[in-house]
2 protein chains.
Amino acid sequence: MTEDGTSKIATHIDVPDHVSEGLPTCRLREVLDRVGDKWSVLIMAILGDGPRRYSELRRSIDGISQRMLTLTLRSLERDGLVIRTVTPTTPPRVDYELTPVGKTLSSRVSSLIEWAEQHREYISISRRSYDAE
Amino acid sequence: MTEDGTSKIATHIDVPDHVSEGLPTCRLREVLDRVGDKWSVLIMAILGDGPRRYSELRRSIDGISQRMLTLTLRSLERDGLVIRTVTPTTPPRVDYELTPVGKTLSSRVSSLIEWAEQHREYISISRRSYDAE
DNA sequence: CGGTATCCTCATAGATACTG
DNA sequence: CAGTATCTATGAGGATACCG
């Protein structure tokens, strides 16, 4: 995602047939852009556990700036992955939750997280042995 | 991944239990760093189809610079996800292939690509309707 | 062919201050 | 509380040139 919320010009990518399946292969680039930024998956992982208020998200994600939280949530909302609900009380209350489609992505992402847990040690060892040379 | 190949200081992240499962939650950050850069998944997707020469990879991935191809391959090798095999002929020949662990990540990533194919249209429509306001 | 070495750009994101 | 508005900087990644 870019700063103004517009998507980048997708790079054409020539991947094997079992990946592209005859469709324009730039689509891979699109998911990666959607999922590859610093905070999106993290937010989706948390929202995968249920709706959260803006302030709850902010507290849950150590190190995120108010700016990036808002920017990322807006981008997810724009893509139809989260829903933003404003309750106009004073002070205002804003809740965020995954859409049905958002949940499907969230579960795919969980699979990656699971992979990470399982192979963390392997990678760590690989790095040490590589760096030893 | 950073320029010199070392990993970033992982940010502590407070995610729900079903995500963290009691383990240090910064691990999510690690996968994202591993998978979230511009070329890693793309290369893994191609290598998922079988071994490739350096020059083949270069031709397959439109838009990648020699610098980034080498850098990314080195990083994947360091993490034990690809194997680099040099055949010292003249001119030299270098082949890259996924390790068994690399293949397991590659298949998780394929799941994400599949998701993208399925929901590309949905996202596109969501964006148009969001931008209309 | 398969890389390094440099230099440079620009997008991503952090910090800070202010607001309805 | 839930944001904007600015300003700034860092580092990922591109361009180019050269090398064993």
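Note that these values count all heavy atoms, side chains included, but never hydrogens, waters or copies made by symmetry. To find a chain, count down the sequence lines: A is the first, B the second, and so on, and within it residues start at 1.
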Exercise. Which angle, to the nearest 10 degrees, lies between the helix axes at the two ends of the helix from C/dC1-D/dG20 to C/dG20-D/dC1, each defined by five pairs?
Worked result: 50°
Seminar exercise, completed: Within residues 85-96 of chain A, the residues having a heavy atom closer than 4.0 Å to DNA chain C are A/Pro92
For this session: Could you note down all residue pairs passing salt bridge (Lys or Arg N to Asp or Glu O under 4.0 Å) where residues 80-91 of chain B supplies at least one of them, sequence neighbours left out?
Result: none
Problem set entry | Contacts of B/Ser124 that satisfy side-chain hydrogen bond (donor to acceptor under 3.5 Å, both in side chains) - sequence neighbours left out | B/Arg128
For this session: Please list, chain by chain and in numerical order, all residues satisfying salt bridge (charged side-chain N to carboxylate O under 4.0 Å, His left out) with B/Arg93, sequence neighbours excluded.
Result: B/Asp95
For this session: Can you sort out the partners of A/Ser107 under side chain to side chain contact (heavy atoms under 4.5 Å, CB included), two or more places apart, ordered by chain and number?
Result: none
Problem set entry | Among D/dA2, D/dG14, D/dG3, the one nearest A/Ser55 by side-chain distance | D/dA2
Seminar exercise, completed: A/Glu114 meets the salt bridge (charged side-chain N to carboxylate O under 4.0 Å, His left out) criterion, sequence neighbours left out, with B/Arg108
Exercise. Among all residues two or more places apart in sequence or in another chain, which pass the side-chain hydrogen bond (donor to acceptor under 3.5 Å, both in side chains) test with B/Thr85?
Worked result: none
Problem set entry | Nucleotide of D/dA2, D/dA17, D/dT4 approaching A/Thr70 most closely (side-chain heavy atoms) | D/dT4
Problem set entry | B/Ser129: partners by side chain to side chain contact (heavy atoms under 4.5 Å, CB included), with sequence neighbours left out | none
Problem set entry | Presence of salt bridge, A/Arg52 and A/Asp49, under 4.0 angstrom | yes
